[in-house]
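Working notes for the structure below.
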Amino acid sequence: MNINVGDNKMELNGRDDLKRPLLEPSDSVCVTIPEPVDKLEKKRTVMFKIGNIKCASCVTSIESVLGDINGVESVSVSPIHGHAAIEYVPKLVNPKLIKETIEDAGFPVKEFSEQQIAVCRLRIKGMACTSCSESLERALKFLDGVKKAVVGLALEEAKVHFDPNITDSDRIIEAIEDAGFGADLISSGNEANKVHLKLEGVSSVEDMNTIKSYLESAIGVNHVEMDLEEKRATVNYDPDFTGPRSIIEAVQEVAHGSYKASLYIPPRQRETEQHHEINNYRNQFLLSCLFSVPLFIFSMVLPMLPPFGDWLEYKIYNMFTVGLLLRWVLCTPVQFIVGRRFYKGSYHALRLKSANMDVLVAMGTNAAYFYSVYVAIKSLSSDTFKGQDFFETSAMLISFILLGKYLEVLAKGKTSDALAKLTDLAPDSACLLILDDDGNVVSEVAISTQLIQRNDIIKIIPGEKVPVDGIVIDGQSYVNESMITGEAQPIAKKPGDKVIGGTMNENGCLLVKATHVGSETALSQIVQLVEAAQLARAPIQKIADRISRFFVPAIVLTAFITWLGWLIPGVIGIYPKHWIPKGMDKFELALQFGISVLVVACPCALGLATPTAVMVATGKGASLGVLIKGGNALEKAHKVKAVVFDKTGTLTVGKPEVVNVMLFSSVSMEDFCDVAIAAEANSQHPIAKAFLEHARKLRQKIESNRQSNNQHVTEAKDFEVHPGTGVSGKVGDKMVLVGNKRLMQAYNVTVGPEIEGYISEHEQQARTCVLVSIDGKIVGAFAVTDPVKPEAKNVILYLHSMGISSIMVTGDNWATATAIAKEVGIEKVIAEMDPIGKADRIKDLQMRGLTVAMVGDGINDSPALVAADVGMAIGAGTDVAIEAADIVLIKSNLEDVVTAIDLSRKTISRIWLNYVWALGYNILGVPVAAGILYPFTGVRLPPWLAGACMAASSLSVVCSSLLLQSYRKSWVFQDTKRGHSHCSKST
């Protein structure tokens, strides 16, 4: 077999189809690795704008004071503009010191230039509720150099934007730990492509430094981290220049093969952390039960059994009994060993001038425990004192809270199930074809998917998954892409077609050239997008944030008032003595009510109401082919009252076909084709591509009839794109215009009656007419049709049933736009709009109070996508449109517009239901715990039972959010046999 990977016919684009070809012919899978060189100290440059510079002596003064700073390498100051460029060594000096030095010299620094911003993601441990995440955000924002910090409670992650000149990830982790939380670095800086290596033959620091120096000098290697203890290396690289296999080969070349390297796949940090957290809560709960269960038996069960009860009441000294001693001994480890986490959490929260669940639990258990200690000491010192201890209250309370947290983390782990399933789609291994210099297959090698490099040729047999994104260069098959796009129908693949990593090859053997590897694959991009969405905070979360600020202080005050409210009337004698349970006094009854109020209130449920629902919804959306970029987009989508559709590629298939060509002058068809091809060659518009394909075929047919092969076409000069109207350029010495009637009118080109008739005839048939003018005279025209998507009419009908109006905005002419709109059922049409005009029309709709969604696919739609409240990009559209959008419809199916809005509505409804659960629970639970029912029914909530209720509230909110996983999308389909439309909606 011979595979020409450098064939010019395979000039296929990768990441950005509109800008440049991503692939270049590759002669070898290896890269050149230069000899190790001494790495120079890294330098950075910072720019300042300095005021009060009046003359050259001012410049000299600034350069002089800065030159005295250790670490400043060079200073350049412009006296005219007041700009200063300072080159410095970050290890020795930072921009803040440089700025202060300039200001000390009497020159104000008016502004920093645009600074280099780095981003790191961190796993956060120890957060219990919204107060924790808010206090951590505040602590991070106070850290010098941090520009922005977002902490996700449900995801248990933080994303921090910082100035690397001032701080780094290590200092950020220190700040988090100082705030009382644990932190592990997930990623820092540009870690998009990295490989972990296990090293052999390494025994000293010198060996590690040798390997590190050699790798850092290799082309394409950005950063190297070494771990001598584990004998591992982590290498960040640029996939355009190198790859994992080349890096492994580089290690093995060091010292003539003295060292060996192999791929190391670290355990998934998220799963490891979740497993560790689950085990930690389970172990703490079991340890607590080891003491709490016997304590409960000694307190509640055995005293009722005569032989044991008498033994427990045996007095050791004065009124100090055996039972009291046992309860004290069993409770103390639970209070101070198992419950230590509540003390730590309270300390750090109060130190940050915040209050969280730990504060409530610590106050409640401390009140019960230390009052019981008082009872025990009083019993030792008095032979008449009788008091009721609450040791069992403290221990049982901690045990039930730990049980609730254990069940909660189990449930929270399931909220990211959809994301985990996406991550597992990529296969572990692939079959790599080794080629010789002539492109012949030498051998086949099974390698890890993580070792695949760009331009590798991968063989995929039937039943195997596609390992990475690529281009089919040989073979034909059907590929099931449902796991990525949700589209159940297998897609036919032939040479030149793109395949997506993680999809299933069904019935043919394919040879695929890898174009996107590592974090660049569609699957990785989807996972990253969903992770970012889950971390982003929805505006509705602000409700919980506002409540949490005063929630804990209000509960503490309520508990104190409750205690006083029962104690003072009891002392005065307002309520009858028979209300006081046997074995208690007025103080103890009031104390129990106060403790119950402290521990029954739960800020955790409020904090989890929004993020857990957003996590489940974004993951579910991704599995259905709808990528939602954050809680903000999810929340806005449920308010949408108008959807604006682009025409070409959105309502229509986006593959226009030329159905008619007409000449209006003596110019030959051959010259007409040549001129139009030259003018349209650099255009990326779908209509231009359709005409180019048709014109080239037409020209080839003319040449074949003449039995000649003269297909040289002059390239257009002064090429210019006129958005919404067409293109212009010079072909030879002729000025050529190719576009619609508005372009001709703009250039004062006369459109005669014959041409008007041609345009009118075809526009009534929903066809677009493109005119070609040479030197101010229209010489010909061609009519293009773009079929309407089969689901478009049903989607418009369904949106109408949801109370949402549909509008079409297009750059096409009014007649064609009206015909298309009539076909799909859209009543309002705005035609002949340029990209800025589309955005302006959306703003007009917003001014009327409508929440507007825009659905588009091209570069010309990006201003409108940004202007809309919710931008939805068709997945088959351009990268620019996808980047500008809030929601990406991977399948390019219009039905997913309905899915996105419907999923948003269901999610927001679920969030409000979660708030009802959380707030309703607190509104009902606190009065009951305060004893409001006790005078009438005799029902009171013991503290340990109040703690169990608190744990149950958080669990109920998480389980409520998990119900979103059962969401089934609303769908619309066409019965092609009967010709009827059907709409159905999930329940």
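Nothing fancy with the numbering, it's 1 onward along the sequence.
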Practice task
Using the side chain to side chain contact (heavy atoms under 4.5 Å, CB included) rule, pick out the option among Ile500, Asn507, Asn505 that qualifies with Val479.
Solution key: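 Per the side chain to side chain contact (heavy atoms under 4.5 Å, CB included) rule, the option paired with Val479 is Asn505, out of Ile500, Asn507, Asn505.
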Roughly how far, to the nearest 0.5 Å, is [atom2] of [Y] from [atom1] of [X]?
X	Y	atom1	atom2	answer
Met127	Glu157	CE	CD	9.0 Å
Leu651	Lys793	CG	NZ	13.5 Å
Lys498	Lys493	NZ	NZ	10.0 Å
Tyr798	Ile804	OH	CD1	10.0 Å
Ile628	Leu624	CD1	CG	9.0 Å
Ile176	Leu122	CD1	CG	4.5 Å

Exercise for the section: Check side chain to side chain donor-acceptor pair (under 3.5 Å) between Ser956 and all other residues, then give those that pass, not counting sequence neighbours. Expected result: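 If we apply the side chain to side chain donor-acceptor pair (under 3.5 Å) test to Ser956, skipping adjacent residues, there are no hits.
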Exercise for the section: Decide side chain to side chain donor-acceptor pair (under 3.5 Å) for Ser961 and Asn914; before the verdict, give the C-alpha distance in whole Å, the side-chain angles of both, and the deciding distance to 0.1 Å. Expected result: CA-CA 8 Å; Ser961 295; Asn914 287 348; 2.9 Å; yes
Problem - Nearest atoms (heavy-atom pairs only) where Asp469 meets Gly501 - result: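 Taking Asp469 first and Gly501 second, the nearest heavy atoms are OD1-N, 2.7 Å.
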Problem - Residue that, paired with Asp869, satisfies side-chain hydrogen bond (donor to acceptor under 3.5 Å, both in side chains) out of Lys639, Lys636, Gln846 - result: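 Looking at Lys639, Lys636, Gln846, the match for Asp869 under the side-chain hydrogen bond (donor to acceptor under 3.5 Å, both in side chains) is Gln846.
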Handout entry: Under 3.5 Å: donor-acceptor pair, side chain of Glu137, backbone of Val150
Key =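 Such a contact is absent between Glu137 side chain and Val150 backbone.
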Exercise for the section: Step through the shown structure and confirm whether more than 12 heavy atoms of other residues, nucleotides or ligands are within 6.0 Å of NE2 on His161. Expected result: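 Buried by this count: over 12 neighbours within 6.0 Å.
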Exercise for the section: Could I get the full list of side-chain contact (heavy atoms from CB on, under 4.5 Å) partners for Leu913, not counting sequence neighbours? Expected result: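 In terms of side-chain contact (heavy atoms from CB on, under 4.5 Å), with neighbours along the sequence ignored, Leu913 is linked to Arg910, Trp917, Ser960.
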Handout entry: Any Leu964 side-chain heavy atom under 4.5 Å of Lys620 side chain
Key =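 They are not in side-chain contact.
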